[in-house]
Amino acid sequence: MNLNHINIVVADVKRSETFYRTLFSLPPKRPVPNRPDILDLGDGVSFLSIPERAGAGVIDHYCVGVKDFDAATVAAKLTAAGFTDGLTVGEDFVYVTDPDGVRVQISAPTWRG
């Protein structure tokens with residue numbers, strides 16, 4: 001199973017692209033005809049779509065599982081990188097808020113809620 005894609009409406013594609021590329025250390029863009037708003041998530045299949053239009057930030061949150069997850073380590077790295085908006089640290093999760101108010105949850109790949 002993989003995360004095929006997430007579509008997040010944003011107010012400014014460049015601003016959101018910078019945020020997500022830095023947050024997740026995303027690879028260079030793969031060419032997608034007529035879709036300059038596609039960010040490859042690194043496996044060649046999964047992607048983040050960030051179209052620019054009215055109604056930005058309509059997703060409440062989504063979760064990305066990371067190998068060897070440790071909440072304190074993730075929180076420290078986010079803080080050091082300047083990602084402090086909405087930073088919430090739990091025992092088995094970390095939340096941070098993107099520029100349009102969408103909450104990004106980071107947990108272990110096996111997180112069950």
Side-chain angles (χ1 to χ4, degrees):
M1 177 181 271
N2 72 323
L3 174 62
N4 179 269
H5 75 278
I6 299 171
N7 190 75
I8 303 172
V9 177
V10 301
D12 182 315
V13 168
K14 286 294 182 194
R15 179 182 71 176
S16 293
E17 178 179 359
T18 298
F19 174 85
Y20 283 109
R21 283 199 184 286
T22 304
L23 180 66
F24 294 126
S25 300
L26 295 178
K29 276 188 180 178
R30 66 181 152 148
V32 179
N34 302 314
R35 292 298 307 266
D37 57 353
I38 298 292
L39 304 179
D40 191 352
L41 293 180
D43 64 2
V45 177
S46 302
F47 65 92
L48 180 63
S49 173
I50 53 170
E52 184 176 308
R53 62 178 182 256
V58 295
I59 294 176
D60 173 67
H61 82 278
Y62 63 92
C63 180
V64 175
V66 297
K67 186 178 177 182
D68 300 323
F69 173 81
D70 176 76
T73 300
V74 170
K77 288 181 179 181
L78 291 173
T79 299
F83 295 113
T84 57
D85 287 347
L87 185 63
T88 305
V89 183
E91 186 175 318
D92 61 350
F93 65 85
V94 174
Y95 279 103
V96 65
T97 304
D98 88 353
D100 290 303
V102 177
R103 294 182 311 145
V104 179
Q105 178 182 344
I106 304 168
S107 297
T110 57
W111 191 82
R112 301 271 184 227

Do the side chains of [Y] and [X] get nearer than 4.5 Å, heavy atoms only?
{"X": "Val104", "Y": "Phe24", "answer": "yes"}
{"X": "Val94", "Y": "Leu87", "answer": "yes"}
{"X": "Leu78", "Y": "Leu23", "answer": "yes"}
{"X": "Tyr95", "Y": "His61", "answer": "yes"}
{"X": "Phe69", "Y": "Val74", "answer": "yes"}
{"X": "Ile8", "Y": "Asp100", "answer": "no"}
{"X": "Phe83", "Y": "Thr22", "answer": "yes"}

Practice item. Quick one: list whatever passes ring pair (Phe, Tyr, Trp, His ring centres under 6.0 Å) with Tyr20, sequence neighbours left out. Key: none

Review point. Given Gln105 and Val64, is the side-chain contact (heavy atoms from CB on, under 4.5 Å) satisfied, shown in steps?
Key: CA-CA 6 Å; Gln105 178 182 344; Val64 175; over 6 Å; no

Exercise for review: Look at the side chain of Ser107 and the backbone N and O of Asp92, then say whether any donor-acceptor pair between them is shorter than 3.5 Å.
Suggested key: yes

Review point. Just by distance, do the side chain of Thr88 and the backbone of Gly86 share a donor-acceptor pair under 3.5 Å?
Key: yes

Review point. Between Arg103 and Asp98, is there a side-chain N and carboxylate O pair less than 4.0 Å apart?
Key: no

Point to revise | Separation between CD1 of Ile38 and CD of Glu17, rounded to the nearest 0.5 Å | key: 11.0 Å

Revision key, fill the gap. When rounded to the nearest 0.5 Å, the distance separating CD1 of Ile6 from CG of Leu39 is 11.0 Å

Revision key, fill the gap. Of all heavy-atom pairs linking Ala11 and Ala56, the shortest is N-CB, 3.4 Å

**Study point:** Passing candidate, side chain to side chain contact (heavy atoms under 4.5 Å, CB included) with Ile50, options Asp12, Asp37, Val9, Val102
**Key:** Asp37

Check your understanding: Is there a side-chain hydrogen bond (donor to acceptor under 3.5 Å, both in side chains) between Asn7 and Ser49 once you walk through the steps?
Key -> CA-CA 5 Å; Asn7 190 75; Ser49 173; 2.8 Å; yes

